[in-house]
There are 2 protein chains.
Amino acid sequence: MNALQILHDKKIRPSGLRLKILDYILNHKTHPTIDEIYEALIEDNPTLSKTTVYNTTKVLFENGVVKQVAIEGQPMRYDGDIKMHGHSFCRMCNNVYDVELLEEVKADFNGFTVEDTQVSYSGICKNCNTKLN
Amino acid sequence: MNALQILHDKKIRPSGLRLKILDYILNHKTHPTIDEIYEALIEDNPTLSKTTVYNTTKVLFENGVVKQVAIEGQPMRYDGDIKMHGHSFCRMCNNVYDVELLEEVKADFNGFTVEDTQVSYSGICKNCNTKLN
DNA sequence: TTCAACTTTGTAATGATTACAACATTATAA
DNA sequence: TTATAATGTTGTAATCATTACAAAGTTGAA
């Protein structure tokens with residue numbers, strides 16, 4: 001599904017910048033930050049404001065089009081994959097990887113209505129582990 | 001195990017403030033923030049600096065004595081329970097609850113060395129659900 | 001007792017994010 | 001088509017949690 005279809009389905013007016021920002025998030029699986037999105041798009045959109053990237057990602061998030069990936073002590077990242085999955089964060093190279101959860105996390109909620117679940121791991125990735133040896 | 005024993009075991013010099021701060025975290029299961037710890041202790045310790053609370057919680061965290069509970073868009077919280085467990089955050093009352101994980105989260109890590117796992121849920125707690133009806 | 005190491009403090013700096021107001025663009029209905 | 005309201009975009013300033021830093025206080029070992 002492409003950016004235009006998604007915005008149309010969610011009744012979000014598909015302005016040029018919204019399309020470009022959503023398209024960037026959908027096509028970069030690196031969990032980009034606001035700055036990364038801004039730097040990537042500023043070249044072809046010289047008047048782009050960082051505030052617009054903040055505003056737009058906020059609209060996309062609030063409408064469930066993208067997910068936020070919060071990593072402690074770092075700027076927010078955005079993820080176009082809204083299926084249930086976890087993230088692993090490498091504290092050496094700062095990359096964020098997708099983690100397929102092999103079974104649903106079962107927990108005792110005692111009347112709590114869950115709206116969002118976040119499973120995240122931090123440590124050292126395969127690549128950085130190799131470099132260490 | 002009390003605060004003094006813990007600090008001794010970890011070879012952290014048990015200064016008066018460190019003992020009080022750790023004691024507060026151990027005895028308040030509410031996942032307090034820096035500000036909450038500071039406000040609670042300033043009365044009996046009029047010269048206490050917020051920087052000291054930051055410094056001390058950092059030392060405690062780095063030595064594995066307490067855990068950080070990061071909730072997006074809110075100041076960091078601290079948890080004296082270092083056993084594996086999740087957290088649920090109520091977006092209405094802003095309380096944070098402990099969640100017992102009924103089975104270990106299994107995931108495919110592909111060479112990633114996990115040092116820390118965070119499982120968190122957000123939504124509406126039992127109490128606030130009741131108020132809604 | 002003295003000196004070095006460590007702890008505590010207050011202020012200033014940092015950095016991500018939001019508030020806000022001006023300006024630009026688009027949609028709608030007369 | 002034109003007028004007007006609604007929405008989108010921008011830049012600057014404000015906010016707020018956290019960290020940096022340097023000065024002052026405290027502690028403990030030689």
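Just the heavy atoms: all of them, side chains too, but no hydrogens, waters or symmetry mates, feed the values below. Since the structure is predicted, the reported quantities are computational estimates derived from the model, not experimental observations. Just so we're on the same page: letters track the sequence lines, and every chain starts at 1.
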side-chain contact (heavy atoms from CB on, under 4.5 Å) involving [X] - partner list, sequence neighbours excluded:
| X | answer |
| --- | --- |
| A:L26 | A:A3, A:I6, A:L22 |
| B:Q68 | A:E72, B:F61, B:M76, B:Y78 |
| B:N2 | B:L4, B:Q5 |

Inset, instruction - Go along nucleotides 3-22 of chain C 5' to 3' and tag each nucleotide: B for a protein heavy atom under 4.0 Å from its base, S when only backbone or sugar atoms are that close, - otherwise. - result: ---SSSBBB----SBBB---

Who passes side-chain hydrogen bond (donor to acceptor under 3.5 Å, both in side chains) against [X], sequence neighbours left out?
| X | result |
| --- | --- |
| B:K50 | B:D35 |
| B:N63 | none |
| B:D9 | none |
| B:R91 | A:E115 |

Legend entry - Integer-rounded Å distance: D:dG8 P and A:L60 CG: 12 Å

Inset, instruction - Please state how far atom NZ in B:K11 lies from atom P in D:dT27, giving the value in whole angstrom units. - result: 22 Å

Legend entry - Members of residues 90-98 of chain B that approach DNA chain C, where some heavy atom sits under 4.0 Å away: none

Name the pairs: protein N/O against N/O of nucleotides 22-24 of chain D, kept only if under 3.5 Å.
none

Inset, instruction - Examine A:F89 together with A:Y121 and report whether their ring centres are nearer than 6.0 Å. - result: no

Inset, instruction - Determine which pairs satisfy salt bridge (charged side-chain N to carboxylate O under 4.0 Å, His left out) with at least one residue from residues 123-133 of chain B, sequence neighbours left out, and list them in order. - result: none

Inset, instruction - Treating a pair as Watson-Crick (purine N1 to pyrimidine N3 plus N6-O4 or O6-N4) or G-U wobble (N1-O2 and O6-N3) with both distances under 3.5 Å, list the stems of 3 or more consecutive pairs that involve DNA chain C. - result: C:1-30 with D:1-30

Considering all heavy atoms of both residues, which atom of [X] and which atom of [Y] are nearest to each other, and what is their separation?
| X | Y | answer |
| --- | --- | --- |
| B:I25 | B:G80 | CG2-N, 3.5 Å |
| B:C90 | B:Y97 | CB-CE1, 4.3 Å |
| A:I82 | A:V65 | CG2-O, 3.4 Å |

Inset, instruction - Quick one: pull up SG in A:C93 and CG in A:N95 and give me the separation to the nearest 0.5 Å. - result: 4.0 Å

